[in-house]
Every structure is written in structure tokens, then in C-alpha cells.
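Structure first, then comments.
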Amino acid sequence: MTEGVQRPGLDSQGRIEREGSLGRIAHDFRPVVSAARDRLLDVFGGRMHSAYLYGSIPRGTARVGRSDLDLLVLLRGEPTEGDREDARALGEGLDKEFRCIDGVGTLLYGRARVLSELERYDMGWFLACLCTPLLGEDLAEYLPRYRPDSLLARETNGDLALLLPRWRERIAGAADSDEARRPLVRFMSRHLARTGFTLVMPRWNGWTSDLGEMAEAFGAYYPQGAEQMRAAAVRGHEPTGDPAVLRSYVEDLGPWLAEEYARVHGVKVPRPD
């Protein structure tokens with residue numbers, strides 16, 4: 001296997017290219033994006049510095065009735081619990097009104113935190129490379145160009161060991177039904193697929209947001225876990241409600257991946273929260 005081969009997702013200098021654009025949004029999703037833009041202005045007004053889309057909708061790969069609307073909202077100050085409640089209410093309203101989406105996820109941060117040294121290779125990278133500007137000033141202008149190196153791998157997904165106890169709590173607290181477990185399976189499947197990919201990202205030397213491609217990249221370096229990761233990638237799009245899947249994530253795949261990640265890249269610098 002050839003190390004150092006340039007893969008898709010990089011520019012001619014080996015830096016990660018920004019994915020997504022407003023021009024890639026499919027016609028079916030344009031009304032909900034327009035409504036989100038207007039309602040963000042109504043809800044946050046002058047407190048909002050900027051807003052971004054991320055995920056399948058700005059990449060042009062969203063599926064009607066199956067994909068969620070993902071938003072990143074930056075406030076001029078640190079968000080309050082009231083701000084978070086407003087964001088949840090806004091998302092619930094959009095989800096009920098627009099049948100083309102299956103849920104709304106809104107990340108809410110203060111402008112200063114995203115630009116901080118602590119977040120430069122996590123939220124800063126996320127904004128600069130994976131987010132599409134929707135409203136306000138684009139903070140990517142204040143951030144560096146990123147390469148798929150070990151530092152980026154560590155600071156994006158090097159905290160899986162810290163997350164696993166929270167995942168176990170969420171699983172234990174979920175209702176005993178497929179309907180309650182499916183969102184957990186989808187979320188954890190996607191997270192594990194992305195973590196598996198960033199584990200090998202510096203060796204693969206490229207970037208992709210396609211879960212299937214992520215799983216294949218991982219499997220090229222860890223063939224013993226290839227089938228597990230391929231299955232996780234599939235469940236990221238088509239989640240089941242099988243409790244055995246969740247148990248396997250927090251008792252088998254997750255702990256192994258966290259240990260290997262720490263061995264290869266180290267542990268993510270702790271955050272205050």
C-alpha cells in the first residue's frame with residue numbers, strides 16, 4: 001500500500017478543500033434553507049454573528065425525507081441556555097413544517113471560542129472545511145488552511161474514550177423501542193465511521209465526508225475491522241433499532257477504536273466543558 005498518495009478532497013498543495021456550497025442545494029431543500037435563514041434572523045437578531053450549513057444538504061447529496069438539516073450558529077457572545085432552547089424550538093418547528101427533512105441539528109457556539117487557539121484544529125477546522133456560509137461574515141477568512149495530518153486527527157476525534165460513558169448513559173436512558181433507539185444508532189454509527197476514517201486519514205492522505213468511502217479507507221489499513229466499519233457506515237444512513245448494535249458499539253468497536261486512536265494520535269486536548 002502506497003503511503004503519501006494524494007487523494008480526493010485536497011487542493012494542489014495538499015490542503016483540505018472546503019466542501020459544499022449554496023449552489024449545490026437541491027431544489028427540494030431550498031424552501032427549508034430559506035425558512036431557516038429567515039427564522040435564525042428572527043430568533044437571534046443582532047446577537048448572531050454568522051450561520052452556516054453543513055452535511056448532505058450543502059454537499060448536494062441529501063435524500064428527500066431521509067436527510068436532516070444541519071446548522072452551525074455563531075453568536076457574538078457565549079450561548080445561554082435560553083439560546084439553546086430557542087435553537088431547539090426553531091429546529092423542531094422546521095422539522096414539523098418541512099417533510100423533505102428528517103430532523104434538524106443545530107450547533108451553537110460563541111464566535112470567540114471558534115477562533116480560539118484551543119478550537120483551531122476542531123471547531124475552527126470544521127467551520128473552515130465542512131461548513132457553507134449562510135448568513136453573516138465567514139470566519140474561515142481568519143483560520144488557517146488545513147492538512148490531513150495527525151494533529152488534525154487528534155483534535156477532531158481523539159476524545160472517543162471520554163464520549164463512551166455518555167453514550168452508555170444515553171443508551172440506558174432511552175425508551176425500549178426501535179423508534180427510540182434508531183436515532184442513537186444513526187448518530188453513533190456516523191461518529192464511529194468518521195472516527196475510524198480520521199484514524200487512518202494521515203496515511204490515506206485525503207478527505208471525504210462519504211461514510212462508505214470512510215469505511216473503505218479504514219478497512220484498507222485495518223482489514224480485521226473492515227466489516228464492522230462498513231456496517232456502521234450503512235447504519236449511518238439506514239439505522240436499525242437493534243439494541244445489540246448499540247451494545248457492540250460501546251462494548252466492542254468503540255473501546256477498541258478509542259484505544260487504537262490514543263496509541264496512534266494521542267488524546268484530544270481537554271475542553272472546559
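This chain uses plain numbering: 1 for the first residue, then up along the sequence.
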Open item on the list: Suppose clustering is done on Ile, Leu, Val, Met, Phe, Trp and Tyr with side-chain heavy atoms closer than 4.5 Å. Which residues sit in the same group as Leu118?
Closed with: Val269
- [ ] Identify, with sequence neighbours excluded, every residue that meets salt bridge (charged side-chain N to carboxylate O under 4.0 Å, His left out) alongside Asp176.
- [x] Arg181
Task: Set of side-chain contact (heavy atoms from CB on, under 4.5 Å) partners for Ala175, sequence neighbours left out - done: Ser177, Ala180
Task: Distance-only donor-acceptor check, side chains Asn157 and Thr198, under 3.5 Å - done: yes
Task: Selection residues 216-234 - residue pairs positive for salt bridge (charged side-chain N to carboxylate O under 4.0 Å, His left out), sequence neighbours left out - done: Glu216-Arg230, Glu227-Arg230
- [ ] Mind checking side chain to side chain donor-acceptor pair (under 3.5 Å) for Glu117 and listing every partner two or more places apart, or none if nothing turns up?
- [x] none
Task: Qualifying salt bridge (charged side-chain N to carboxylate O under 4.0 Å, His left out) pairs, either residue in residues 93-106, two or more places apart - done: Arg39-Glu97, Asp102-Arg186
TODO: Mind checking salt bridge (charged side-chain N to carboxylate O under 4.0 Å, His left out) for Glu78 and listing every partner two or more places apart, or none if nothing turns up?
DONE: none
Task: All side chain to side chain donor-acceptor pair (under 3.5 Å) counterparts of Arg271, not counting sequence neighbours - done: Glu119, Glu155
Task: With sequence neighbours excluded, residues passing salt bridge (charged side-chain N to carboxylate O under 4.0 Å, His left out) with Arg247 - done: none
TODO: May I have all residue pairs that pass side chain to side chain donor-acceptor pair (under 3.5 Å) and include part of residues 131-152, sequence neighbours excluded?
DONE: Asp11-Arg145, Arg18-Asp138, His49-Glu137, Glu137-Tyr142, Ser150-His265
Open item on the list: Taking side chain to side chain donor-acceptor pair (under 3.5 Å) as the definition, give me every residue that meets it alongside Glu92, ordered by chain and number, with sequence neighbours left out.
Closed with: none
Open item on the list: According to side chain to side chain donor-acceptor pair (under 3.5 Å), who are the partners of Tyr54, at least two apart in sequence or on a separate chain?
Closed with: none
